[in-house]
Each structure stands twice: as structure tokens, then as C-alpha cells.
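The block underneath contains the structure these notes are about, expressed in C-alpha cells.
Just follow the structure's listing: the first ligand is 1, and inside any ligand the first atom is 1. Just the heavy atoms: all of them, side chains too, but no hydrogens, waters or symmetry mates, feed the values below.
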Amino acid sequence: IKLKYISLAILVVQNASLILSIRYVRTLPGDRFFTTSAVVMAEVLKEFIVLQYNSIVIQYKDTLKLAVPALIYTLQNNLQYVAISNLPAATFQVTYQLKILTTALFSVLMLRKSLSRIQWLSLLLLFAGVAIVQLEQEGKQKETTVTGPSQNYAKGLVAVIVSCLSSGFAGVYFEKILKGSSASVWMRNIQLGIFGTLLGLLGMWWNDGLAIAEKGFLFGYTPMVWGVIFNQAFGGLLVAVVVKYADNILKGFATSFSIIVSTVVSVYLFGFHVDLLFTLGAGLISGVLQRWLSI
Ligand code: C5P
């Protein structure tokens, strides 16, 4: 009975607002949208909502499973900002690559993957390769005087270490859910995103609630900041696809390899010099990659 009146009341409001808003958008000056396209778009949206409702609300127990990685990823994404703001970029890159090892550990514990001693050794060498490449880069950069906000090294280090544990655990947990059922990777992402948004909002309110209420949600969003955000969103979806078709350990390989790529690009763009140490690190990384992929 309750639902009967609630639905009727919502219909009253919806109908009135629909007609008024159609009238409003049709009488505005400027470019006018095609009404035939609006009819099609409404149909598509309806299908989308029906589909989502079925998989998210009806199968809510399944949805709830994603709350765990969502919570951890939200924490991790916030911690990464703390880490990068407090550590030099190269130091962050190196320490964050420890996630290669945490990922392997959780893959063994949670997915029962077996790694031979040689494979563990390869992962250690991979980490060493990344560390050499990055530290060599850092050594070359001239000491710049810090003009920004003060940096706290210890705080940055703790943030990055917790991020590594979180990355390994959440990544493998997501992989387990993804590969343990027939639900599509897109559905899993939506389920993850729902919790991620809610938890992120909670963190935002807790940490910056007052300041955001005063200055606005989009305060300080320059085009560059938008770029960072788009990159992060795209990266997240990419991780999901990589984990579906490959796995988390290979994902770690790809990101290690990207460190060589970005260094080589810097050589061309910014005139960095490649020396013996870089060659050693890069050699280690590609050696491990080649061997692993041929196993
Ligand atoms: O460093 P790491 O590989 O753990 O980072 C993974 C990133 O991908 C996180 O920012 C996480 O929020 C995102 N992600 C996502 N959707 C997934 C899996 C990960 O957005 N299904």
C-alpha cells in the first residue's frame, strides 16, 4: 500500500516536471536538439536502467562482494595522493613497484597460483631493475629548491607501503570475483564504482567537507587536473580489462615495462642520457619479461 502511494506521488512530480522541462528546453534560444534523437535516447536509457537494476539491486548479495575491493581501492587512491605529494616522483615509483611482490604473494594465497623459486627470483630481479632505472633517473635530476608545501618523507613512505599491500590485495580480490563467475567485467566495474563513489564521498566529507562546502566541489580544477582525472579513470578501466584477459602479475610486468618506455621517451623529449646503469636496469626488466612470457 505504501508503494502504491509513493509511486503515484512520484508520478505526479515526474509528469509535471517533464512537461515543464520539455517546454523550457524547446523555447531556449540557441541550438535546438533533435526531438527524434531524444526519444531514442530515452529508450536506450530505460534499457540501461532495467539491466542495471536487475544485476545490482536484485542480485544485491553479489554486488556487496565488491564493497571490499572498493573500500581498499578508495583508501589506496587517496593514499597515493599523499605519497606522491610527500615523496620525489622517482622514489614513489620505485617503492610503489613493491606491489609486484605483494601481488604475487596474494595471488599465491588467494588464487592458489603456484610460483616456482625461479619465478620469485624473477620478480625480485624485476623490482631491482625498476629500482635501478628509477634511482638512476633521480640521481640525475638537479636538486630543485622546494617551493611547494612542505613534504614529509616518513608520511609518504608509510602511505606508499600501505598502498602496495592494498594494491596487491584488492587487485587479486577483484580478479578472484571476476574469474569466479560469469558476470561481465563491465558489470563488475559498475558494482565496484557504486561503492567507490559512496566511500569516496564519505572520505571527501570527512577530510575536506568544510572546505569544499565553502569553495565548491570543482574548486581548482584546471584542464590539467581534468587530464589527471581522466587518465586515472581510463587507467582503472584498463586495469579491469587486463586482469580479465591476463592477470595481476602480468599487469605488474606491463607497468614495470612502462617505466623503461617513459624513460626512453624522456631521452627524446627532454634530452635525458642513457648510461650503463639504465641499460643494466632496463636489461633486467626486459630479461625477466621475456623469460616469464615464454614459460
Ligand atoms: O596500482 P594499482 O594497479 O593497484 O592501481 C589500480 C587502479 O585501478 C586503482 O586506482 C583502482 O581504483 C583502479 N581499478 C578500477 N577498476 C578495477 C580495478 C582497479 O578502477 N576494476
Side-chain angles (χ1 to χ4, degrees), residues 52 55-56 62-85 87 89-107 110-111 123 126-127 130-131 134 156-204 225 227-259 261-262:
Q52 305 307 320
S55 349
I56 293 168
D62 197 52
T63 306
L64 277 177
K65 282 196 237 161
L66 275 295
V68 176
L71 175 65
I72 296 172
Y73 270 140
T74 308
L75 192 73
Q76 175 185 329
N77 290 337
N78 279 293
L79 279 178
Q80 260 178 37
Y81 276 105
V82 175
I84 298 174
S85 312
L87 295 174
T91 313
F92 170 79
Q93 280 274 35
V94 174
T95 36
Y96 194 42
Q97 293 309 317
L98 277 172
K99 69 182 175 177
I100 296 171
L101 300 176
T102 57
T103 301
L105 187 70
F106 285 116
S107 298
M110 292 163 64
L111 297 174
L123 292 176
L126 183 65
F127 175 69
V130 172
Q134 281 301 310
L157 222 48
V158 171
V160 81
I161 288 170
V162 177
S163 293
C164 286
L165 287 169
S166 137
S167 168
F169 178 77
V172 172
Y173 193 109
F174 185 78
E175 183 176 343
K176 196 175 161 118
I177 293 180
L178 193 62
K179 293 184 172 162
S181 79
S182 58
S184 77
V185 60
W186 303 114
M187 182 43 59
R188 292 307 189 196
N189 272 327
I190 290 174
Q191 292 171 322
L192 190 72
I194 289 173
F195 290 112
T197 309
L198 293 177
L199 292 164
L201 280 172
L202 202 67
M204 183 187 93
V225 175
V228 169
I229 292 171
F230 270 99
N231 197 335
Q232 195 143 41
F234 175 69
L237 294 176
L238 199 57
V239 164
V241 174
V242 166
V243 166
K244 179 178 165 70
Y245 294 107
D247 63 25
N248 271 289
I249 298 184
L250 286 169
K251 173 182 89 78
F253 286 1
T255 45
S256 309
F257 188 62
S258 76
I259 291 178
V261 174
S262 62

inquiry  = What does the 4.0 Å heavy-atom contact list look like for ligand 1?
reply    = Y73, Q76, N77, Y96, K99, S167, F174, N189, L192, G236, V239, A240, K251

Show every donor-acceptor pair shorter than 3.5 Å between a side-chain atom in residues 228-245 and any protein atom, with sequence neighbours excluded, or say none if there are none.
residue	atom	partner	partner atom	Å
Q232	OE1	Y81	OH	3.4

message = Could you tell me if the side chain of V94 sits less than 4.5 Å from the side chain of F127, heavy atoms only?
response = yes

message = Is there a side-chain contact between L66 and F174 in this structure, where contact means two heavy atoms from C-beta onward sitting under 4.5 Å apart?
response = yes

request  = Please determine, by modelled atom types, if T63 and Q191 share a side-chain donor-acceptor pair under 3.5 angstrom.
outcome  = yes

request  = Verify the neighbour count for atom NZ of K65: are there more than 12 heavy atoms of other residues, nucleotides or ligands below 6.0 Å?
outcome  = yes

inquiry  = Tell me whether S262 contacts the main-chain N or O of S258 through its side chain, where contact means a donor paired with an acceptor under 3.5 Å.
reply    = yes

